[in-house]
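Comments concern the structure below.
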There are 2 protein chains.
Amino acid sequence: MRKGEETRTRILDVAEAAVLQKGFGGTSIEELIAETGITKSGFFYHFRDKNELAKALLNRYIENDERIYDEIFSRARDLMDDPLQSFLLGLKLLSELLSDLPNGHPGCLVATICYYERLFDREIQEINRQAALTWRRRFRGMFDEIFAVYTPREQFDVDQLADMVSTVIEGGIVLSKALKEPQSLPGQILVFRSFVKLLFQPVQQARAAS
Amino acid sequence: MRKGEETRTRILDVAEAAVLQKGFGGTSIEELIAETGITKSGFFYHFRDKNELAKALLNRYIENDERIYDEIFSRARDLMDDPLQSFLLGLKLLSELLSDLPNGHPGCLVATICYYERLFDREIQEINRQAALTWRRRFRGMFDEIFAVYTPREQFDVDQLADMVSTVIEGGIVLSKALKEPQSLPGQILVFRSFVKLLFQPVQQARAAS
DNA sequence: AGCAAAACCGTACCGACGGTACAGGAGCGG
DNA sequence: CCGCTCCTGTACCGTCGGTACGGTTTTGCT
């Protein structure tokens, strides 16, 4: 039982790296079992087919993603009392975290699946959609708190504003990968951070705020 | 010669739609020739292998992409004399264009290839990189013009600011696809537009500007 | 220690797919 | 009629996803 989980995890580790580099279609099962050191039978013991592998991979990725967001923004919440300052700090911490990845962000599985939709069943597409909706709720909650304290210089739909966080991250990953400039992603996040700062900056003076 | 080009174009049309829905690995050549109505030999007469198909596909996509950008922003330039107003109008036109697509944006080939990098040769990755750099130059030029007239409320690296346009578009496409909300992408572009407006808005009053 | 379930391995096989090779033919301009 | 472009047809190869199924080791539990 313990052993089984370990092997399963090892398969998922190998698969995740491969899928992020070559996509699902470009990742062969035979290649996975070769690297994992198990046989084909062993693989199909753990996953009925490639679709189930994708599902497990996606669920694990999303879980981990949420954990990281939780850590970063709860730490930011601990350090800053003000919701705006806390959010801005969170973005900074996120940017720093991504900046420290030696080879840049490996890629987002949610995005990978977006560009593969027709290959997977509705269930996986729905998991993907829920992940994006969870991101929206998370950041919407933060913006709601900010709006309770600050008056923005311009009116926005809060959901769209919340989605902007995910948009910048996903887009930043794509651009970073295309340009082969790992530092582009953290940079884009900081640009967005400045925009948010600008949005809630009091009209009069341009000081205050980190 | 004319006939050959026509067939080649038809293959590319079918391939582009398929690749954007299922990725390169998920698109089989046999499926392409079935839909195009030619034989396998016919296909390999036009393209030596899948890699060359990808290259042709990408080049055509980028060309078309550039054409659309040219049209939109040169039209905006004709309608507005001020570089900022012209840029803001361009973003609005872009948003409207994307909003009118019945099934939403089909996806960006540059992004598709990003998530497939290891499958293609360096040449394709370089074409992809150059495309992103061309976007950067395009928007950087616009921001340079704006900076010559306006003083921003916050200092930015101009390249990073220029990249933000591509980031928002690429990220918006991913989010739109993940959420299955076609209107998300044009919405995100408008949010970004507001941010740009905000950035160059004079400190005193919040009127003026579109 | 003994037993059952879990966690594999080995082998054989299938159809689909990417790709190669090569022979040939239709249509067309010169 | 030649030669070129633009294909078709056929045959074949290796890889891959997936199935089937029997056998074996490992593990946890009593």
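Residue numbering restarts at 1 for every chain, and letters A, B, ... go by the order of the sequence lines. Every heavy atom of this structure was used, including side-chain atoms; hydrogens, water molecules and symmetry mates were not.
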Fill in: Reading 5' to 3' through nucleotides 21-29 of chain C, protein heavy-atom contacts under 4.0 Å coded B for base, S for sugar-phosphate only, - for none
---------
Worksheet item: Who pairs with B/D82 by side-chain hydrogen bond (donor to acceptor under 3.5 Å, both in side chains), at least two apart in sequence or on another chain?
Response: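 Partners of B/D82 by the side-chain hydrogen bond (donor to acceptor under 3.5 Å, both in side chains) criterion, ordered by chain and then number, come out as B/Y150.
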[X] [atom1] to [N] [atom2], straight-line distance once rounded to whole Å:
{"X": "B/E6", "N": "D/dT5", "atom1": "CD", "atom2": "C1'", "value": "14 Å"}
{"X": "B/E5", "N": "D/dC7", "atom1": "CD", "atom2": "C1'", "value": "15 Å"}
{"X": "B/Y45", "N": "D/dT10", "atom1": "OH", "atom2": "P", "value": "21 Å"}
{"X": "A/F47", "N": "C/dA7", "atom1": "CZ", "atom2": "P", "value": "12 Å"}
{"X": "B/E52", "N": "C/dG18", "atom1": "CD", "atom2": "P", "value": "16 Å"}
{"X": "B/I11", "N": "D/dC6", "atom1": "CD1", "atom2": "P", "value": "12 Å"}

Discussion item. Quick check against the 3.5 Å criterion: does B/Q125 have a side-chain atom that pairs as donor or acceptor with the backbone of B/F120?
Written reply: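 The answer is yes, because a donor-acceptor pair under 3.5 Å joins these two groups.
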Discussion item. Can you pull out every ring-ring contact (aromatic ring centres under 6.0 Å, His included) where at least one residue sits in residues 156-191 of chain B? Sequence neighbours excluded, please.
Written reply: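 Applying ring-ring contact (aromatic ring centres under 6.0 Å, His included) to every pair that reaches into residues 156-191 of chain B, excluding sequence neighbours, yields A/F195-B/F156.
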Worksheet item: With sequence neighbours left out, which residue pairs that include part of residues 79-106 of chain B fulfil the ring-ring contact (aromatic ring centres under 6.0 Å, His included) condition?
Response: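 Qualifying pairs, neighbours excluded: B/F87-B/F143.
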Give me, pair by pair, the N or O atoms of the protein and of nucleotides 15-19 of chain D that are less than 3.5 Å apart, along with how far apart they are.
from   : atom 1 : to    : atom 2 : distance (Å)
D/dC16 : OP2    : A/E30 : OE1    : 3.4
D/dG17 : OP1    : A/T27 : O      : 3.3
D/dG17 : OP1    : A/I29 : N      : 2.9
D/dG17 : OP2    : A/I29 : N      : 2.7
D/dG17 : OP2    : A/E30 : N      : 3.3
D/dG17 : N7     : A/K40 : NZ     : 3.2
D/dG18 : OP2    : A/K50 : N      : 3.1
D/dG18 : N7     : A/K40 : NZ     : 3.2
D/dG18 : O6     : A/K40 : NZ     : 3.0

In terms of side-chain heavy atoms, does [X] have a donor or acceptor partner in [Y] at a distance below 3.5 Å?
{"X": "A/T134", "Y": "A/E66", "answer": "no"}
{"X": "B/D163", "Y": "B/W135", "answer": "no"}
{"X": "B/Q188", "Y": "A/T167", "answer": "yes"}

Practice prompt. Would you mind reporting whether A/E96 and A/L93 have side-chain heavy atoms less than 4.5 Å apart?
Written response: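 They are in contact (side-chain heavy atoms under 4.5 Å apart), so the answer is yes.
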Item to complete: Return no unless some side-chain N or O of A/T7 is found under 4.0 Å from OP1 or OP2 of C/dC8.
Response: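 Result: yes.
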Discussion item. So, OP1 or OP2 of C/dC8: does either fall under 4.0 Å of a side-chain N or O from A/H46?
Written reply: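 Indeed, a polar side-chain atom of A/H46 lies that close.
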Worksheet item: In chain order, what residues pass the salt bridge (charged side-chain N to carboxylate O under 4.0 Å, His left out) check against A/K50, with sequence neighbours excluded?
Response: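 Not a single residue meets the salt bridge (charged side-chain N to carboxylate O under 4.0 Å, His left out) criterion with A/K50.
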